[in-house]
Amino acid sequence: MKNNKIQDISINILTYRTDKKILFDCIKSINISAQINIIENSKKFENENFVKKLDKNIKIYCTGKNFGYAGGHNYGLSKIKTRYVLICNPDIIFRKDYFKNIKNYINKNSNFHIIGSQYSK
């Protein structure tokens, strides 16, 4: 993410018939310039019209069936075209400085495979 480009990261949100309000809160907390992918772990994403109105950077992929947590994320990883990907659940709300901290870390460290996050109350 040289030059602080948030466009170098995709955020995959794994859903399974997720409540609209929960998903909205998660999406609202993401840096708007990032690519957001909704990975619906079923045949049909119920909130497609609602989500498409939120942001043009949102893509929706349906797995076709429930692959479970790992399988759903693996499916989502196969859709990535950016250098980095962040996988998350729809009930996560990112702190305001989260993406700034991620960009700073990536700009300073190029030799890594996984970055973990920390739970905060």
Side-chain angles (χ1 to χ4, degrees):
M1 276 198 218
K2 297 292 182 194
N3 302 321
N4 290 327
K5 288 183 181 177
I6 194 72
Q7 293 87 357
D8 289 344
I9 192 168
S10 294
I11 295 99
N12 278 9
I13 305 171
L14 183 65
T15 62
Y16 179 76
R17 301 179 183 160
T18 301
D19 178 77
K20 194 185 301 187
K21 170 81 168 102
I22 291 171
L23 188 55
F24 174 79
D25 289 343
C26 178
I27 292 170
K28 188 173 81 172
S29 71
I30 295 172
N31 182 311
I32 203 69
S33 64
Q35 174 62 52
I36 301 169
N37 300 315
I38 307 292
I39 311 302
E40 172 60 25
N41 224 351
S42 71
K43 291 181 181 181
K44 185 174 190 291
F45 182 59
E46 302 286 326
N47 297 315
E48 185 170 354
N49 292 330
F50 169 76
V51 167
K52 285 189 174 184
K53 291 177 187 176
L54 295 177
D55 189 273
K56 65 178 174 132
N57 289 329
I58 298 176
K59 292 183 180 176
I60 299 166
Y61 301 97
C62 292
T63 60
K65 66 178 185 175
N66 189 346
F67 289 127
Y69 183 80
H73 277 303
N74 284 336
Y75 178 89
L77 290 171
S78 74
K79 304 300 181 188
I80 297 303
K81 297 188 183 353
T82 56
R83 182 169 181 184
Y84 305 104
V85 62
L86 170 68
I87 62 171
C88 67
N89 293 334
D91 59 349
I92 291 177
I93 305 218
F94 296 97
R95 294 172 63 165
K96 287 190 181 264
D97 60 349
Y98 182 82
F99 291 97
K100 177 183 171 194
N101 292 337
I102 290 290
K103 287 191 295 187
N104 289 339
Y105 182 84
I106 290 172
N107 284 336
K108 292 176 187 173
N109 303 282
S110 61
N111 189 19
F112 66 91
H113 295 284
I114 295 175
I115 298 175
S117 57
Q118 181 178 7
Y119 173 74
S120 174
K121 286 186 179 183

Under a 4.5 Å cut-off applied to non-hydrogen side-chain atoms, are [X] and [Y] in contact?
X	Y	value
Asn37	Ile80	yes
Phe99	Ile11	yes
Ile87	Ile39	no
Ser29	Tyr98	no

Between [atom1] of [X] and [atom2] of [Y], what distance do you get to the nearest 0.5 Å?
X	Y	atom1	atom2	value
Asp8	Asn107	CG	CG	9.0 Å
Glu46	Lys20	CD	NZ	10.5 Å
Lys44	Ile60	NZ	CD1	10.5 Å
Ser10	Lys79	OG	NZ	13.0 Å

Which heavy-atom pair separates [X] from [Y] by the least distance, and what is that distance?
X	Y	answer
Pro90	Cys26	O-CB, 3.1 Å
Ile13	Asn89	CG2-C, 4.0 Å
Ile9	Ile102	CD1-CG2, 4.3 Å
Ser42	Cys62	O-CB, 3.4 Å
Glu40	Arg17	OE2-N, 3.1 Å
Leu54	Ile27	CD1-CD1, 4.0 Å

Non-neighbouring partners of [X] that pass side-chain hydrogen bond (donor to acceptor under 3.5 Å, both in side chains), sequence neighbours left out:
X	value
Lys21	Asp25
Glu48	Lys52
Thr63	Asn41

Item to check | Those residues that, when tested against Phe45, pass ring-ring contact (aromatic ring centres under 6.0 Å, His included) (two or more places apart) | outcome: none
Next on the checklist: Under the rule for ring-ring contact (aromatic ring centres under 6.0 Å, His included), what residues qualify as partners of Tyr105, not counting sequence neighbours?
Outcome noted: Phe112
Next on the checklist: Please list all pairs meeting ring-ring contact (aromatic ring centres under 6.0 Å, His included) that have one or both residues in residues 48-69, counting only residues at least two apart or in different chains.
Outcome noted: Tyr69-His73
Verify same cluster id: [X], [Y] (apolar side-chain graph, 4.5 Å):
X	Y	answer
Leu23	Leu14	no
Ile30	Ile106	yes
Phe94	Val85	no
Tyr84	Leu86	yes

Next on the checklist: Check this for me: Asp97, atom CG, are more than 12 non-hydrogen atoms of other residues, nucleotides or ligands nearer than 6.0 Å?
Outcome noted: yes
